[in-house]
Amino acid sequence: MKNHAGPPLLTRAEFASAFRLTNRTITNMVRDGMPIAGGIGTKSDPHRFDLYDSVLWMLNREAVKRTGKRVFTGFNYE
């Protein structure tokens, strides 16, 4: 059995910087359903985004835009 620490969790600013996105784009993506791994979205408890789930969500959103079908189903961490 592998010792898996889990996926990286990023703040909104870290996620935006990693993908060269604006804060407004992240806000729109959250509104459109991008998963939030934790936090309530305040300064003291900012949203945290699971890197893997968020990237999967972005890839799926683009695939749906092109094909009209959901392509990806998610990662299994176990």
(message) Quick check for you: to the nearest 0.5 Å, what is the distance between Ile26 atom CD1 and Arg24 atom CZ?
(response) 13.0 Å
(request) Begin with the C-alpha distance, continue with both residues' side-chain angles, and end with the deciding distance and a verdict on side chain to side chain contact (heavy atoms under 4.5 Å, CB included) for Ile40 and His47. (result) CA-CA 6 Å; Ile40 60 172; His47 284 141; 5.8 Å; no
(request) Tell me, with the steps shown, if Thr11 and Arg48 meet side chain to side chain contact (heavy atoms under 4.5 Å, CB included). (result) CA-CA 5 Å; Thr11 65; Arg48 294 277 180 180; 3.2 Å; yes
(request) Determine whether Phe15 and Met29 make a side-chain contact, defined as any pair of heavy atoms from C-beta on separated by less than 4.5 Å. (result) yes
(request) Let me know which of Asp50, Val55, Leu56 forms a side chain to side chain contact (heavy atoms under 4.5 Å, CB included) with Tyr52. (result) Asp50
(request) Might you point out which heavy atoms bring Pro35 and Ser54 nearest each other, and give the distance in Å? (result) O-OG, 3.9 Å
(request) Working to the nearest 0.5 Å, report the span between OG1 of Thr27 and CZ of Arg12. (result) 4.0 Å
(request) Apply side chain to side chain contact (heavy atoms under 4.5 Å, CB included) to the pair Phe49 and Glu14, showing each step before the final yes or no. (result) CA-CA 9 Å; Phe49 300 94; Glu14 291 168 337; over 6 Å; no
(request) Please lay out, stage by stage, how Val30 and Ile36 fare under the test side chain to side chain contact (heavy atoms under 4.5 Å, CB included). (result) CA-CA 8 Å; Val30 168; Ile36 298 169; 3.6 Å; yes
(request) With sequence neighbours left out, write down each residue that passes salt bridge (charged side-chain N to carboxylate O under 4.0 Å, His left out) with Asp32, or none if nothing qualifies. (result) Arg61
(request) Would you check if the side chain of Thr25 reaches a backbone N or O of Leu21 as a donor-acceptor pair within less than 3.5 Å? (result) no
(message) Could you work out, with side-chain hydrogen bond (donor to acceptor under 3.5 Å, both in side chains) as the rule, every residue matching Ser17, not counting sequence neighbours?
(response) none
(request) Taking the side chain as every heavy atom from C-beta outward, state whether Leu51 and Leu9 have any atom pair closer than 4.5 Å. (result) no
